[in-house]
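Scope of the values below: all heavy atoms of this structure, side chains included, with no hydrogens, waters or symmetry mates. To find a chain, count down the sequence lines: A is the first, B the second, and so on, and within it residues start at 1.
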Amino acid sequence: MRIVWSLVLLCFASVAQANLVIEITQGRDDAVPIAVVPFATQGEKVAEDIAAVVSADLHRSGLFEPIDRNDLLSRPSQGKDIIWRDFRVLKSEYLVIGRVEEKGGDEYKVAYELYDVQQGNQLLNESFTARENRFRDVAHTIADNIFEQLTGIPGAFNTKILYVTVNDGDKYPYQLQYADADGHRTKTILRSKEPIMSPSWSPDGRKVAYVSFEEDGLPKIFVHNLVTAERQVVSQSEGINGAPAWSPDGQQLALTLSKDGHAQIYTLDLRTNKLTRRTHTRSLETEARWMPDGQSLVFTSGRGGGPQIYQLDLRSGKAKRLTFNGPYNARPDITPDGRHLVYVHRKDGQYQIGVQDLKRNTFNVLTTSNLNESPSVAPNGTMVIYGSRQGGKGVLEAISIDGKVRVALPSEAGEVREPAWSPFL
Amino acid sequence: MRSIAMNRLMVAVAATAFLAACSSKPVEEDVVEEIDDITVTEPVEDTESTKPDYSHIPLTAEGFHNHPSHYDGTTNTRIIYFAFDRSEIPSAAFDTLRAHAKYLRSNNNAKVRLEGHTDERGTREYNVALAERRSKAVQQFLRVQGVSSAQLQTVSYGEEKPQAKGSDEMSWAKNRRVELNYTAGNP
């Protein structure tokens, strides 16, 4: 009996450990102070602290500096109870209050209001009906709406990330994980004895394509339905089957195959299974991403000697080189507006994440540590999540597209790599 | 010249005898014959003292791939190392690959999977493409030696399966490699 219990505890412990903890390692000097008052609860105490989740989301954006709740002088939950000077004295520019009420059954009403402290006027007033197990979703949606109201940019807090974990001691060392964008509520999508690589979201966020070397140790591209957990092999040709990337209309996959000799880029029509070769070179071509208009691909090519990023017009078949800074630029991702190209850039022998403004043709190196890789842009274009190394193991980090905000997502669960940020869900 | 050839033979004898002694699984028939053949030629104990001494050649990360101590000139050697960003087979590995070619030519049932790897630097999928060049270089070498393409398969793992975990030059040197993995007719 004791053995059974310790096993059960062990399972829970590993679930808890798998969550990523988010630390802001660099904020902005001009972050806006905001007070998020703990939501009033009626009757039984609810498990999830909605205000804490909202506050952490806003903080993680780097644009807001939530006021420590222990410093609050009053804790209103309704507009009529607000004492303005209590928040003006804390120099809080905005105020969020809210309450959770039982609705009968196991449903709750979650209501919140957003105020401008200086003006004393209400900016938002909304409510949601939800079961308790959906409170984190409600909290992320509240944070999204506040963020959009105050910045004009849609929030990306109520989104998901996929990433790969590697633990050599495990029976299944390679695992594909699915979690909230804040690293909570981790779910394992796939466990394997062989490597898992390159997860890529379908544009509707319901499916994921990835490379798995499962069973026979050979690479295969799978399409995995996250809703039904059904999956199918869409590519298993001889040689490389790699780097899947979903087209914006969800009908095609760009992928890398070496069946014709060496790594080249192809597109696969998922309705007809028609495969079209897109590059015809003697060099290595891989890591394709679709431009948001679906008319062209950006990808890594070795045609100039070392790897550089090119853009291929799918209609004309013509490619033009986009990167000229240094000898190594690879694995692009693109912001949803198609303006910023984010990629791995080698500088002084170290691998950094760089961002290139395709309109102004300016280039910035965002990171300073070494061995950074696999950048993935948030669906609102404000942040980039990427893989890095710290203390000899893979970790995830995120940085704002302007380089001003840096967030670490340390995990106690071994190697973490290859993050992929979901589209809006 | 003769002594080098003798050394190789004796290392082979030692290793084969060792494998035969350890193995609890049934051994393939042709391998058993080979052991019967060789064990009468030399006492196993002598092989220790006649192993070549390469200690005078410094083992640096830069020269790691071409260091003779990695390659015994027999099919017992299953890893070929590569220089940074290169896919040329090091000359020190030629005899070893010729021994694999010879074995494969005379054992048509034998199949080998050539598994290409890079170090951790650079992007993952580009490394998969680079590592495939290494496994194809080994494949090409064996084909030129007359090995049937039906006996050879290549797979590229890029940086996904490192042999050494560190982020230093020596670990990287150990990870830039092609492993010869017999999927049938293991010598």
Check your understanding: Is the number of heavy atoms from other residues, nucleotides or ligands under 6.0 Å of B:E88 CD greater than 12?
Key -> yes
Exercise for review: Just give me the residue among B:G122, B:S156, B:G166 that pairs up with chain A most often, heavy atom to heavy atom, under 4.5 Å.
Suggested key: B:G122
Check your understanding: chain B: which of A:R417, A:K393, A:R346 shares the most heavy-atom pairs with it under 4.5 Å?
Key -> A:R417
Revision key, fill the gap. Closest non-hydrogen atoms of A:Y174 and B:E160, given as atom of the first, atom of the second and distance, are OH-O, 3.2 Å
Exercise for review: Check whether any side-chain heavy atom of B:T123 lies under 4.5 Å from a side-chain heavy atom of A:Y328, and answer yes or no.
Suggested key: yes
Check your understanding: Does one side chain, of B:E125 or A:T286, offer a donor that lies under 3.5 Å from an acceptor on the other?
Key -> no
Revision key, fill the gap. Turns out that what part of A:V211 lies under 4.5 Å from chain B's heavy atoms comes down to side chain
Review point. Sub-3.5 Å donor-acceptor pair from the side chain of B:Y157 to the main-chain atoms of A:G217, do we have one?
Key: yes
Review point. What heavy-atom pair brings A:R389 and B:S167 nearest, and what distance separates the two atoms?
Key: NE-OG, 3.6 Å
**Study point:** Leading residue by heavy atom contact count with chain B [cutoff under 4.5 Å; candidates A:D168, A:N370, A:V166, A:T256]
**Key:** A:D168
Practice item. Would you check if A:R331 and B:Y126 make a side-chain contact, meaning some heavy-atom pair closer than 4.5 Å? Key: no
Review point. How about A:K220: does its NZ atom have over 12 heavy atoms from other parts shown lying under 6.0 Å from it?
Key: yes
**Study point:** Nearest heavy atoms of A:E373 and B:E120, plus distance in Å
**Key:** OE1-O, 4.5 Å
Check your understanding: Got a sec: does the CD of B:Q163 have more than 12 other heavy atoms crowding it under 6.0 Å?
Key -> yes
Review point. Could B:K161 and A:E194 be called an ion pair, given the rule that one side-chain N must be under 4.0 Å from one carboxylate O?
Key: yes
**Study point:** A:R191 atom CZ, neighbour heavy-atom count above 12 within 6.0 Å
**Key:** no
Point to revise | Under 4.5 Å from any heavy atom of chain B - which part of A:E418 | key: side chain
Review point. In terms of heavy-atom contacts, does CZ of B:R86 have more than 12 from other residues, nucleotides or ligands at under 6.0 Å?
Key: no
Practice item. In sequence, state the C-alpha distance, the side-chain angles, and the governing distance for A:H262 and B:K136, and then conclude on side chain to side chain contact (heavy atoms under 4.5 Å, CB included). Key: CA-CA 9 Å; A:H262 57 282; B:K136 293 220 163 171; 5.9 Å; no
Point to revise | From CG (A:L284) to CG (B:N127), nearest 0.5 Å | key: 10.5 Å
**Study point:** Top contributor to chain B interface from A:G242, A:A330, A:G349, A:A243 [non-hydrogen pairs under 4.5 Å]
**Key:** A:A243
Revision key, fill the gap. Cut-off 4.5 Å, heavy atoms of chain B, and the answer for A:I240 is both
Check your understanding: Run the side chain to side chain contact (heavy atoms under 4.5 Å, CB included) check on B:Q153 and A:L218 step by step: do they pass?
Key -> CA-CA 10 Å; B:Q153 181 182 38; A:L218 300 175; 3.4 Å; yes
Practice item. Check whether A:N372 gets within reach of chain B through its side chain, its backbone, both or neither, counting any heavy atom under 4.5 Å. Key: neither
Practice item. Indicate the atoms forming the closest heavy-atom contact of A:A263 with B:E132, along with that distance. Key: N-OE1, 4.1 Å
Check your understanding: Minimum heavy-atom separation for A:M197 to B:V128, with atom names?
Key -> CE-CG2, 3.7 Å
